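Below: one structure, written as structure tokens.
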Protein chains: 2
Amino acid sequence: MHPIQLFDPESSTFTYILRAASGREAVIIDPVDKQWERDTLQLDRLGLKLAYVLETHAHADHVTSAGKLREMTGAKAAVPSGCCIPPADVQLHHGDVLRFGDNEEIKVLHTPGHTAGSMSFVWHGNVFTGDTLLINGCGRTDFQSGSAGALYGSVTNELFTLPDENLVWPGHDYSGQSVSTIGWEKRNNSRLANRDKQSFIELMGNLNLPRPKLIDIAVPANQNLGLPQGA
Amino acid sequence: MHPIQLFDPESSTFTYILRAASGREAVIIDPVDKQWERDTLQLDRLGLKLAYVLETHAHADHVTSAGKLREMTGAKAAVPSGCCIPPADVQLHHGDVLRFGDNEEIKVLHTPGHTAGSMSFVWHGNVFTGDTLLINGCGRTDFQSGSAGALYGSVTNELFTLPDENLVWPGHDYSGQSVSTIGWEKRNNSRLANRDKQSFIELMGNLNLPRPKLIDIAVPANQNLGLPQGA
């Protein structure tokens with residue numbers, strides 16, 4: 001079982017559609033505001049009914065279409081409880097299991113570090129890692145209650161303890177890659193493989209990345225599911 | 001079973017990796033020359049061994065990496081017998097079944113029209129349609145022995161007789177879509193749904209598309225698996 005992977009070239013964001021093996025229900029992870037028509041059309045082409053819109057975190061680089069998709073499809077919005085997204089229908093906690101379709105289960109892992117509330121989702125040997133673990137990299141940890149130490153713990157204690165053959169589907173990629181595996185990232189990830197916590201914290205502390213252009217718009221918008229304030 | 005879908009933004013070409021359910025073998029369909037490093041890295045990340053490089057046709061808009069991947073991985077190149085690609089290891093004919101992994105079967109369909117030799121490939125309820133059938137469109141039919149009448153026959157007699165729920169994975173998309181279904185295309189494809197053959201031939205005859213920029217380089221290169229002439 002693989003997800004359908006969709007890409008927003010403007011923000012290099014991956015959106016994922018998970019189809020139930022039996023039944024017509026689906027879940028979408030991290031949809032992008034400007035792509036809501038593409039995504040509803042994609043669901044229609046596949047004959048799918050959206051059960052949940054899932055967010056891995058409150059993004060700083062693009063706005064979600066979660067609220068819009070909820071409005072259009074009747075799906076429920078399910079979000080990490082630590083991300084301050086009050087209008088969501090479901091506040092997720094570590095260890096929760098989200099069910100859809102006839103027999104589908106998505107296991108919820110709290111993987112803080114990129115943001116304090118960030119979560120990853122496990123489904124049929126696939127892990128959707130948001131901005132916690134990227135292919136041969138990881139999300140930045142210098143804003144939104146980010147913490148390099150927490151990210152190191154999330155990756156080494158949660159994600160890298162998943163089976164090696166689990167597929168890693170990240171929230172972004174900037175070099176045309178699509179998917180990786182836990183085993184490959186454990187052995188080769190340029191930031192995290194064979195590195196101790198202190199060295200990782202130093203590495204992340206010295207990245208000197210520019211402030212995300214959209215952060216002041218995107219974070220408050222995403223904490224309202226991408227809907228206008230007051231909606 | 002879904003394929004891994006990769007995208008080349010320069011030519012808007014999709015490349016697909018098919019993983020065997022059991023065993024480590026894989027097949028790649030329509031790889032792009034400039035993406036060979038991305039693709040070998042992608043195979044490496046998934047721990048896969050390439051059994052075949054498959055071409056749907058001799059492309060006019062980009063050059064294949066089939067020869068390069070064969071050289072790098074030891075995979076066999078399998079191509080449509082009507083596409084004049086003599087250095088391939090396997091010349092495919094309509095009805096052939098290509099086997100890989102422990103129990104994987106790819107069924108070969110001759111679907112001429114975009115080019116005279118074009119083929120589509122069926123695997124586990126997925127059909128890889130190359131430039132014969134695109135999402136809400138189809139490939140052009142005005143060069144390389146293209147024929148609108150033949151394309152109409154290929155789509156209506158071969159592709160549209162597959163089960164409605166079969167997933168359609170096209171050779172290109174220019175609007176961010178990833179995948180469709182036979183059922184959706186039968187009902188909604190803007191060029192082919194609810195249209196008779198004569199009307200389709202007229203439509204295709206009036207497209208007045210510009211000549212592909214790369215055609216004089218790409219077609220001879222692709223007829224040599226993307227390798228330098230004489231190699």
Side-chain angles (χ1 to χ4, degrees), chain A residues 1-10 12-19 21-22 24 26 31-32 34-48 124-126 134-136 163-170 173-189, chain B residues 1-10 12-19 21-22 24 26 31-32 34-48 124-126 134-136 163-170 173-189:
Chain A
M1 302 278 286
H2 290 175
I4 309 279
Q5 186 180 47
L6 297 146
F7 187 66
D8 173 56
E10 196 177 315
S12 297
T13 300
F14 286 125
T15 295
Y16 298 98
I17 295 174
L18 285 52
R19 309 167 70 202
S22 167
R24 296 224 155 266
V32 174
K34 295 176 186 168
Q35 301 287 3
W36 74 266
E37 282 181 288
R38 176 200 68 183
D39 296 341
T40 50
L41 200 48
Q42 185 64 79
L43 291 162
D44 181 47
R45 288 196 170 118
L46 298 171
L48 297 175
H124 285 300
N126 302 283
L134 304 179
I135 297 174
N136 200 23
D164 275 8
E165 61 274 19
N166 269 34
L167 296 183
V168 173
W169 300 93
D173 193 80
Y174 304 93
S175 64
Q177 298 292 324
S178 292
V179 59
S180 188
T181 53
I182 291 292
W184 194 93
E185 297 303 329
K186 269 164 75 173
R187 291 190 303 275
N188 300 289
N189 187 291
Chain B
M1 303 278 286
H2 290 173
I4 308 279
Q5 186 180 48
L6 297 146
F7 187 64
D8 173 59
E10 194 175 319
S12 296
T13 300
F14 286 126
T15 294
Y16 298 97
I17 294 174
L18 285 50
R19 306 168 71 201
S22 167
R24 296 225 154 265
V32 174
K34 295 177 186 169
Q35 301 287 3
W36 73 267
E37 281 180 288
R38 176 198 69 183
D39 296 343
T40 51
L41 200 49
Q42 185 63 79
L43 291 162
D44 182 47
R45 288 196 168 116
L46 298 171
L48 297 175
H124 286 299
N126 302 283
L134 303 179
I135 297 175
N136 200 24
D164 274 9
E165 61 274 20
N166 268 208
L167 297 182
V168 174
W169 300 93
D173 192 81
Y174 304 93
S175 64
Q177 299 292 324
S178 292
V179 58
S180 189
T181 55
I182 291 292
W184 194 94
E185 298 303 329
K186 267 163 76 171
R187 291 190 304 275
N188 300 288
N189 187 291

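For clarity, every value in this text was computed on a predicted model and none was experimentally measured. Within every chain, numbering begins at 1; the chains are lettered A, B, ... in the order of the sequence lines, protein sequences first and strands thereafter.
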*Is it the backbone or the side chain of Pro9(B) that comes under 4.5 Å from a heavy atom of chain A, or both, or neither?*
neither
*Of all the heavy-atom pairs spanning Asn136(B) and Arg45(A), show the shortest one and how long it is.*
CB-NH2, 3.8 Å
*Would you please name every residue forming a salt bridge (charged side-chain N to carboxylate O under 4.0 Å, His left out) with Asp44(B), sequence neighbours left out?*
none
*Could you tell me whether a side-chain N or O of Thr181(A) sits under 3.5 Å from a main-chain N or O of Leu46(B), the two making a donor and an acceptor?*
no
*Go through the structure and list residues passing side-chain contact (heavy atoms from CB on, under 4.5 Å) with Ser178(A), not counting sequence neighbours.*
Gln5(A), Ile4(B), Leu6(B), Gln42(B)
_Under a 4.5 Å cutoff for heavy-atom pairs, which residue among Glu165(A), Gln177(A), Arg38(A) has the most contacts with chain B?_
Gln177(A)
*Between CE on residue Met1(A) and CE on residue Met1(B), distance to nearest 0.5 Å*: 11.5 Å
*State the CG-CZ distance between Leu167(A) and Arg19(B), to the nearest 0.5 angstrom.*
4.5 Å
*asked:* If I measure from the heavy atoms of chain B, does Gln35(A) come under 4.5 Å with its side chain, its backbone, both, or neither?
replied: neither
